[in-house]
Amino acid sequence: MDVKKTPLYDLHLKHNGKMLNFAGWLLPVEFEGITKEHLQVRSFGGLFDVSHMGEFFVKGEQALKTLEHLCSKSVEKLKKNEAQYNLLINKNGGIVDDIIIYCLEEKANYLLCVNAANIEKDWKFISENNCGATVSNESQQWAQIAVQGPKAFALLKLLGIEEAKPFKMQWVSWNNTDLLFASTGYTGEKGGEIFVKTEFAASLWQKLLEWGGALGIKPVGLGARDTLRLEKAYPLYGNELNEQVNPYQARLSWVVSKDKEFLGKTSMLKEKAKGFNKYLVGIQLEDRGIARSSYLVLNQQGEEIGQLSSGTYSPSLSKSIAMGFVKTEYKDPGQEVWVQVRSKKLLAKVVKLPFF
């Protein structure tokens with residue numbers, strides 16, 4: 001498979017970005033170090049290149065009908081210039097993808113932001129289950145820049161973007177192009193994400209860097225993006241979520257509307273009624289060490305009771321934190337468990353989420 005580059009690739013190299021292949025895209029994992037960039041976002045702010053994410057448009061008289069059929073949470077009440085976290089559910093009740101829906105025109109025009117690794121899968125799923133909407137995959141025409149942190153809106157104001165509550169949208173004109181801003185993000189900090197046509201992305205990134213320098217805002221790589229999202233217990237598709245995971249197992253019942261029908265709902269509820277043998281939980285190491293994805297979770301007798309889906313060292317908490325699926329009887333906060341880290345069994349405990 002050919003590795004893709006975002007419109008900001010050359011600029012990342014210019015700023016000494018350490019590049020790696022993520023979901024088929026060459027993206028910076030870090031610029032000055034993951035911990036430094038993490039704390040920079042929590043204290044000041046950071047710029048993230050998220051141009052690898054996919055953009056689908058769903059339009060026409062059947063747009064709302066199609067989204068209601070495909071998504072677990074009702075889209076009907078979504079007003080113009082509002083965004084919503086949602087799930088695509090397969091016929092077996094598993095999660096095809098977690099997405100953000102942006103309402104451009106009520107009942108008639110929606111933008112879907114999908115995970116980069118799932119673009120082709122999601123496009124096939126939506127195309128096969130379309131209820132008559134006009135759908136288009138415009139992922140190649142759009143780039144995205146996330147601006148996150150306490151100083152984010154001070155920077156965004158220079159673009160004409162007003163501070164807004166989470167999941168609100170606004171259009172602004174900049175340098176002869178229109179930018180779509182949404183106060184969504186993946187760090188739990190203030191700020192949001194800017195959708196920009198691909199050909200304008202590099203000039204916008206450079207301008208944000210130029211203005212952001214005075215505010216302590218610098219580019220941030222995927223490494224800190226992952227530690228930031230894990231502190232807030234935001235799930236990552238491919239780690240916490242996949243087509244075998246039921247939303248109720250993954251603590252996402254709040255993304256399921258009980259008063260509407262959608263593809264896969266019957267199967268999803270049938271599995272829920274039977275009960276799950278494992279649930280997603282938060283785990284914090286008590287012993288010294290760092291938990292990582294795929295590490296086994298053990299009980300006091302050394303028996304396997306689960307597996308970590310994500311794990312890292314939290315720069316904000318100075319502790320190792322993780323999420324993973326454990327047997328039902330171990331899911332409640334306060335339970336002592338052990339994590340197998342190489343040849344050692346490290347004491348840990350199940351904790352409430354989010355971590356930070």
Side-chain angles (χ1 to χ4, degrees), residues 53-54 67-78 82-102 110 112-118 121-122 125-126 129 166-167 182 184-188 225-226 228-283 293 306-311 321-328 330-333 350-356:
M53 303 293 280
L67 291 178
E68 292 288 48
H69 178 58
L70 296 173
C71 298
S72 62
K73 189 170 185 177
S74 179
V75 183
E76 187 173 15
K77 293 181 181 178
L78 198 59
E82 290 182 348
Q84 179 191 68
Y85 182 73
N86 217 319
L87 302 171
L88 300 176
I89 305 294
N90 65 26
K91 63 181 181 181
N92 298 320
I95 300 171
V96 176
D97 201 2
D98 62 331
I99 63 175
I100 301 285
I101 298 176
Y102 302 87
Y110 299 90
L112 274 57
C113 179
V114 306
N115 280 296
N118 292 339
K121 183 184 74 168
D122 289 357
F125 175 79
I126 291 172
N129 296 286
F167 288 86
T184 51
Y186 205 42
T187 68
R225 181 176 163 84
D226 192 53
L228 288 158
R229 72 93 189 166
L230 187 50
E231 285 185 350
K232 294 295 182 183
Y234 294 155
L236 175 64
Y237 200 91
N239 289 41
E240 283 71 44
L241 310 180
N242 61 52
E243 296 220 30
Q244 284 70 52
V245 172
N246 188 298
Y248 286 95
Q249 270 185 296
R251 306 182 323 110
L252 292 175
S253 60
W254 62 277
V255 198
V256 178
S257 292
K258 297 178 177 58
D259 56 351
K260 72 143 190 166
E261 296 300 318
F262 55 88
L263 183 69
K265 182 177 182 179
T266 301
S267 299
M268 185 189 72
L269 293 179
K270 187 177 178 181
E271 291 301 311
K272 175 177 178 281
K274 287 186 339 188
F276 305 107
N277 59 5
K278 290 183 179 178
Y279 283 88
L280 183 66
V281 300
I283 291 176
S293 171
Q307 190 169 25
L308 300 184
S309 49
S310 296
I321 58 174
M323 290 198 290
F325 289 86
V326 299
K327 289 184 177 179
T328 304
Y330 295 95
K331 71 179 178 62
D332 294 328
V350 177
V351 297
K352 289 183 179 179
L353 295 175
F355 298 98
F356 180 81

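Every value quoted in this text rests on a predicted model; they were computed, and no experiment measured them. Side-chain atoms are counted along with the backbone in the values below, which use heavy atoms only and exclude waters and symmetry mates.
Residue Val114 is tested with Ile100, Asp122, Ile126 for a side-chain contact (heavy atoms from CB on, under 4.5 Å); the sole match is Asp122. When each of Ile95, Asp98, Leu87 is paired with Val255, the side-chain contact (heavy atoms from CB on, under 4.5 Å) condition holds for Leu87 and for no other.
With a 4.5 Å cut-off on side-chain heavy atoms, Val75 and Gln84 count as touching. Two residues are said to be in side-chain contact when any heavy atoms from C-beta on lie closer than 4.5 Å; Leu67 and Leu112 meet this criterion. Using a 4.5 Å cut-off on side-chain heavy atoms (C-beta onward), Phe262 and Leu70 make no contact. At least one side-chain heavy atom of Tyr248 sits less than 4.5 Å from a side-chain heavy atom of Leu269. Side-chain contact between Ile321 and Glu231 is present, with heavy atoms from C-beta onward closer than 4.5 Å.
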Task: Candidate pair Lys73 and Ile101, rule side chain to side chain contact (heavy atoms under 4.5 Å, CB included), full reasoning - done: CA-CA 11 Å; Lys73 189 170 185 177; Ile101 298 176; over 6 Å; no
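Under 3.5 Å, the side chains of Glu243 and Asn90 contain a donor-acceptor pair of N or O atoms.
Separating the CZ atom in Arg251 from the CE atom in Met323 is a distance of 7.0 Å, to the nearest 0.5 Å.
The two residues Gln244 and Asn242 make their nearest non-hydrogen contact at N-OD1, 2.7 Å. The two residues Ala322 and Phe355 make their nearest non-hydrogen contact at O-CZ, 3.0 Å.
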